[in-house]
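Worksheet for the structure shown next.
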Amino acid sequence: MYMFLFSLFVNELCGSTGLFPSVLIQILSDVHTVPAPLCFLQVFCIYLYVSVEFFNLAVMSYDRFLAIAFPLQYKALMTSAKVVSLIAATWLSSFLTVAVILYTYMQILKICFTGSKQTRQKAITTFFYILTVGANMLLIVVICVNRGLHEPMYMFLCNLSVNELYGSTGLFPFLMIQILSEVHTVPAPLCFLQIFCIYSYVSVEFFNLAIMSYDRYLAIAFPLQYKTLMTSTKVVCLIAVTWLPSFLAVGITTSLSASLQLCGNVINKVYCDNHSVIKLGCNDTTVNNLYELIAASLTVCVPVSVIIFTYVQILKICFSGSGQTRQKAISTCTPHLASLFNVSFGVFFEVLQSRFDMSGVPNMLRIFLSLYIITSQPLFSSVMYGLNLSKIRNACRRLLLGCAGKCGSFNRFLQVKKQEINPESHR
């Protein structure tokens, strides 16, 4: 434990050394400029410090788990060699991660200023993907770190953010490759992998929203029995229900499409979708169309039916309940409903494009509509829940204010020291 604590203190020294000398120089200097190499060095040091901090805290939590769960076997499990390996892994993994991130973004910035329109499109796509990942990762970290958020509602929200990351990763990397490539072709296995990722993402999204609406119904209808009705075991089972049926249903759909003999290889969309592949089939595709219809009914219509039923019950309770009950329902259900309408809007556009002739619609509008559900929903959900749920908003605010308060106190300390060093300049 103390060796990991020693590693933590070493990291604190490295992080402080990456910031304070530069700040002191800036305060004492009349010209507040930093050479580019020193700027990137400081970025590297600060990002490395944050990354090592998280890795080190993770290793320390693992060490405490072994000490508490296996007190008699602790010394045998946590040997000196293992301690050294864990500390080395903490620093090397962080060093490599930050080095790769900085290098790639330096290249992206360089290409953006000197590259073509196609290259700038990739940079924008990359930025949007990083923004989506960052927003959802922030939500996941805030929920996992704050013990006050270890409640069923926030666990389902964390699961929703994991799915947003999964869906974004199913689209954006492929999209970036297509933007940079001169020949817009995709190998068949990767095409079917993308179909599986995108369709399972949408299915998990609906299942998760249905479970969240059921959770809100229990919290509003049975507030006193809520904790006994929504136990930890039940939360884990419900989260499993959001993923397993979706993976099974979409897996069968993808397998049926992959078994088709195709008579063409052109899909008029920016990503692979199942219906476009079925239309290229040479054989009879009745089984594929029939199963796709059944799978869509089970993975979309069933969750939507659950959502409608639970919200009808919630509305009945709100109209017959007190003002406090109505306020609680509005505050917790608003982001959920907004997220539901947004994803339903995207699915509606996708169905229109797949089933009807859209040749009369401008090409850019068709591209926007086809990408809407996978690009807007992951970012929209994280922003909506982050801004509307007071506990998450307050947790983020405390984190930011805590950092700002520390920085402000340090700046005031440096200003006092500067006045002591140069008293004549302040007369």
Side-chain angles (χ1 to χ4, degrees), residues 132 135-136 139-140 143 149 151-171 197-221 226 229-230 234-250 295-315 317-318 328-351 372-389 391-392:
T132 301
N136 283 284
L139 208 59
I140 292 169
I143 291 171
L149 298 178
E151 299 174 8
M153 181 177 77
Y154 300 105
M155 291 295 102
F156 297 135
L157 179 56
C158 184
N159 186 50
L160 188 72
S161 291
V162 170
N163 186 48
E164 308 298 4
L165 292 176
Y166 168 69
S168 301
T169 306
L171 172 71
C197 290
I198 292 174
Y199 277 57
S200 57
Y201 157 72
V202 175
S203 178
V204 171
E205 193 82 359
F206 275 106
F207 270 108
N208 210 105
L209 290 172
I211 285 170
M212 291 174 78
S213 68
Y214 170 68
D215 172 70
R216 289 301 83 209
Y217 163 68
L218 291 182
I220 294 166
Y226 176 69
L229 291 171
M230 191 61 73
K234 192 172 184 179
V235 169
V236 172
C237 293
L238 288 173
I239 289 174
V241 165
T242 63
W243 291 90
L244 296 179
S246 302
F247 278 6
L248 180 63
V250 176
S297 300
L298 291 174
T299 58
V300 175
C301 297
V302 170
V304 169
S305 301
V306 172
I307 293 168
I308 291 171
F309 172 78
T310 52
Y311 271 99
V312 167
Q313 301 303 313
I314 289 170
L315 284 173
I317 295 165
C318 287
K328 180 183 177 182
I330 291 170
S331 63
T332 58
C333 295
T334 299
H336 180 266
L337 285 172
S339 187
L340 174 65
F341 287 138
N342 190 61
V343 72
S344 301
F345 195 59
V347 169
F348 176 71
F349 280 146
E350 181 57 30
V351 171
Y372 181 82
I373 186 172
I374 313 168
T375 55
S376 72
Q377 180 65 14
L379 191 59
F380 180 83
S381 289
S382 58
V383 172
M384 277 299 298
Y385 283 103
L387 293 177
N388 282 280
L389 294 180
K391 282 192 176 182
I392 291 180

Could you tell me the separation between the [atom1] atom of [X] and the [atom2] atom of [Y], rounded to the nearest 0.5 Å?
| X | Y | atom1 | atom2 | value |
| --- | --- | --- | --- | --- |
| L248 | T299 | CG | OG1 | 11.0 Å |
| N208 | N163 | CG | CG | 7.0 Å |
| I220 | L315 | CD1 | CG | 9.5 Å |
| L238 | N159 | CG | CG | 10.0 Å |
| L244 | I239 | CG | CD1 | 11.5 Å |

Any side-chain heavy-atom pair from [X] and [Y] closer than 4.5 angstrom?
| X | Y | result |
| --- | --- | --- |
| I143 | L157 | yes |
| E164 | L379 | no |
| L165 | I140 | yes |
| D215 | M230 | yes |
| L209 | S339 | yes |

How close do [X] and [Y] get, counting heavy atoms only, and between which atoms?
| X | Y | answer |
| --- | --- | --- |
| M155 | V235 | CB-CG1, 4.0 Å |
| Y217 | I317 | CE1-CD1, 4.3 Å |
| Q377 | V343 | OE1-N, 3.5 Å |
| Y214 | K234 | OH-NZ, 3.0 Å |

Legend entry - Residue F348 excluded, over 12 heavy atoms near CZ under 6.0 Å: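 Count not over threshold, so no.
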
Inset, instruction - Look at the aromatic rings of W243 and Y166 and report parallel, tilted or perpendicular, splitting at 30° and 60°. - result: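 W243 vs Y166 ring planes: perpendicular.
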
Inset, instruction - Spell out, as yes or no, whether a donor-acceptor pair under 3.5 Å connects the side chain of S213 to the backbone of A210. - result: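 Present.
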
Inset, instruction - Mark yes or no for whether N136, through its side chain, and P378, through its backbone, hold a donor-acceptor pair below 3.5 Å. - result: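 Yes, N136 side chain to P378 backbone: donor-acceptor pair under 3.5 Å.
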
Inset, instruction - Check step by step if side chain to side chain contact (heavy atoms under 4.5 Å, CB included) holds for T242 and F156. - result: CA-CA 10 Å; T242 63; F156 297 135; over 6 Å; no

Legend entry - Passing option when S203 is tested against Y199, F206, F207 for side chain to side chain contact (heavy atoms under 4.5 Å, CB included):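 Testing S203 for a side chain to side chain contact (heavy atoms under 4.5 Å, CB included) against Y199, F206, F207 leaves exactly one candidate, F207.
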
Legend entry - Residues that S297 engages under side-chain hydrogen bond (donor to acceptor under 3.5 Å, both in side chains), provided they are two or more places apart: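 For S297, no residue satisfies side-chain hydrogen bond (donor to acceptor under 3.5 Å, both in side chains) once neighbours in sequence are set aside.
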
Inset, instruction - Could you check C197 against T169 for side chain to side chain contact (heavy atoms under 4.5 Å, CB included), going step by step and ending with a plain yes or no? - result: CA-CA 8 Å; C197 290; T169 306; over 6 Å; no

